[in-house]
Peer 1: 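I'd like to ask some things about the structure below.
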Amino acid sequence: MDKLDVNWFDYGLLIIYFVLVIAIGLLARRAVATSEDFLLSGRSLPAWVTGLAFISANLGAIEILGMAANGAEYGISTVHYYWIGAVPAMVFLGIVMMPFYYGSRVRSVPEYLLRRFNQPTHLFNGLTFAVAALLNAGVNLYAMAVIIQALLGWPVWLSIVVAAGFVLVYITLGGLSGAIYNEVLQFFVILAGLIPLVIVGLHSVGGWGALEDRVRQTALGAPGLSTWHGTNVGNWTNPLGDWIGIVMGLGFVLSFGYWTTNFAEVQRALSAKDLSAAQRTPLIGAFPKIFIPALTVIPGLLAIVLIPHLGTTGGAYNTAIPQLMGRFLPNGSLGVALAGLLAAFMAGMAANVSSFNTVFTYDIWQGYVRRQRDDKYYLNVGRIVTVLGVLAGIGTAFIASGFSNIMNYIQLLFGFFNAPVFATFIIAMFWKRATPWAGISGLAAGTAGAAAFQFLIAPHWGYMFPGQTIHLNPDGSAGVNAQIVNFYAAITAFVADAVVTVIVTLLTTPKPVAQLAGLVWGVADPNAPDPSTVKKPPLWESPKLLGGLAILIVLVLSIIFL
Amino acid sequence: MSEPTSPSGRSESSGRSESEDERARRRSLGIGHQFEPPRDPEHTAKESSAASRLFDLRLMIGGLFGVYGILLTIYSFFDSPAEIARAAGIHLNLWLGLSMIVVCLIFFLWARLSPQKPPEPSEPTEPPLRE
């Protein structure tokens, strides 16, 4: 695709944005005095900030460009990643799980596992999360550098170093508050960049109805306009597989696993100023999440209609949004859109490093390496780990640039670690009897289950292939539908984890119930204030109301776009 | 469930020394000594949280949108007809610029109408309410 025609004014807007990013880091530094200030924002942030940061941390540029690419390649089915694949999990996190996370005062997700189970479980989860976070940071950086090279002509290494440099400055100075504040800023700048693009694009094709007609005439065809078409169990034709995979694999296991146990997300809720704000964090985030597909999937559809041979000679699917930007946006608005894209890239990396440094400092370093030091020591460790984390991210980015297939492989492997986590958590929070050894056994079994399904079962199971017949790709790999395999592997992981957890629980001894206070349903927290002394919140702050409303909207939209 | 009375200065993880009761409670909870708050009596007074000094983000966001909005609006006066035609006939810079100015005003108004509350004074921490 052609480079963008960027002029001095666009660069000026970009420079203003980057100056503000640094300024936020500097100002946030004034609010850092303890390690908890640095790593958890001193648990002081209001719900609207944490709520927007919650989705913004996930709204990296890979997400934006990737979802647009999916929109171009698969059509409206892509919304499953949002409506099924995010909102129910976010509602569940806010209403059901947050009282355990926030009320128990754990400082990280692995720490919950330590208090609930034992050290092996803690270490397994902490280490796999830490390494995965660094991998993701690097992948984010590399993906950004590739896009910048295509758009602006900068060499890949320059983009990596410059972007990492900015992130390094504002999160080392400002800690988590610097990261979160910039994530919120990034959210609004992304809106400012993408909303004009969608409006102009729709206007140019003649509106939504005209877009639908034109999509029907592309290779995508009418199935591209239906979300559930072709998802019958038995002979699925939908690009995301059958509805069992979509609902149970994506909607339940993977989605809940990510949104309720990934510390990069949960951390944003833990930094809220009280339990009510923490509970509302994912709920407030759910509402923008419902409507963001309008800014990613619609450009994808526009791209498949307006750009000839997209996906082959017309440029990779990933270039959908950049090509539309170059096509429609005048200098000025283009600068704003570019600022949004670059902001998204940086924030994706910052979210990963800021959650990595917390887990490394509190769980790994304070937990196992240097224990009884004063808080100032851990504050310094947090800062040093942040710098090292960014450097590791840069390193990973360079590895990705040279060995992108290996990177995809490594990410696949880490997906296996994530798949069973939700099973362990849900059992942990609702079954007092679950024993510490069941914790680690379940996680290990689930991980093995996902890997076994991916490598041993899927290539030999015709149902995993388009057309339900086993065949090979031109390069010799199994021609499976990667999405349905991913979803079914997740279901396998969940089941394996749950079964092993139950079996091991029945064979080992649980912790005394007194040690589970605040961690499990049914074990009262002796430190919680007497309910009769507590004020009722205003109606619009009720988590159940907010959560119910979000689910209702998703249901209505799902029916409209059936 | 409501706004708990716990203060915004979360100093329990700083160097305040614990009472015997606290230590006993932690032992019974099986938290383990690696998660006791670090003991450093000399730093007791200094190390309370400074999180209350965090600035109001709405002013920053509003400020950025205001600057962007004004610059874009001025720049839009120099747009050529060809550029406007490229954006499906919409004078994008002008509209985006004006919208951003409006957003800026909304943020400033919001910050004015519901100002960031100053922190409550530090008290011994209670864990927040669990529903």
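Chain letters run A, B, ... following the sequence lines, proteins first and then strands; every chain starts at 1.
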Peer 1: Which atoms of A/S333 come close to chain B, meaning under 4.5 Å heavy atom to heavy atom: side chain ones, backbone ones, both, or neither?
Peer 2: both
Peer 1: Given that the side chain runs from C-beta out, which part of A/A278 has a heavy atom under 4.5 Å from chain B: side chain, backbone, both or neither?
Peer 2: neither
Peer 1: So for B/L71, is it side chain, backbone, both, or neither that comes closer than 4.5 Å to the heavy atoms of chain A?
Peer 2: both
Peer 1: Any heavy-atom pair between the side chains of B/M60 and A/L185 that's under 4.5 Å?
Peer 2: no
Peer 1: Please look at A/F9 and chain B and tell me whether the side chain, the backbone, both or neither of the residue comes under 4.5 angstrom of a heavy atom of that chain.
Peer 2: side chain
Peer 1: Taking CZ in B/F78 as the centre, count heavy atoms belonging to other residues, nucleotides or ligands within less than 6.0 Å. Is the count above 12?
Peer 2: no
Peer 1: Would you indicate whether the side-chain heavy atoms of A/N331 and B/Y75 approach each other to under 4.5 Å?
Peer 2: yes
Peer 1: For chain B, which candidate among A/V49, A/L40, A/I24, A/L45 shows the most heavy-atom pairs at distances under 4.5 Å?
Peer 2: A/I24
Peer 1: What part of B/L96 gets within 4.5 angstrom of chain A, counting heavy atoms only: side chain, backbone, both, or neither?
Peer 2: side chain
Peer 1: For each of A/P330, A/A192, A/S204, tally heavy-atom pairs with chain B at distances under 4.5 Å, and name the one with the top tally.
Peer 2: A/P330
Peer 1: Heavy-atom pairs under 4.5 Å with chain B - which of A/L329, A/L13, A/V32 has more of them than the others?
Peer 2: A/L13
Peer 1: Need one label for A/R327: side chain, backbone, both or neither, based on atoms under 4.5 Å from any heavy atom in chain B.
Peer 2: backbone
Peer 1: Do the rings of B/F107 and A/W48 sit parallel, tilted or perpendicular, given the 30° and 60° boundaries?
Peer 2: tilted
Peer 1: Ring centres of A/Y17 and B/Y68 under 6.0 Å apart?
Peer 2: no
Peer 1: So A/F188 and B/M100, do their side chains get closer than 4.5 Å, heavy atoms only?
Peer 2: no
Peer 1: Counting only heavy atoms closer than 4.5 Å, note whether A/L20 contacts chain B via side chain, backbone, both or neither.
Peer 2: side chain
Peer 1: With chain B, which of A/V200, A/L197, A/V189 has the greatest number of heavy-atom pairs at distances under 4.5 Å?
Peer 2: A/V200
Peer 1: With a 4.5 Å cut-off on heavy-atom pairs, point out which of B/G63, B/A87, B/S76 contacts chain A the most.
Peer 2: B/A87
Peer 1: B/V67 versus chain A, heavy atoms under 4.5 Å apart: side chain, backbone, both or neither?
Peer 2: side chain
Peer 1: Return yes when atom CZ of A/R29 has more than 12 non-hydrogen atoms of other residues, nucleotides or ligands closer than 6.0 Å, and no otherwise.
Peer 2: no
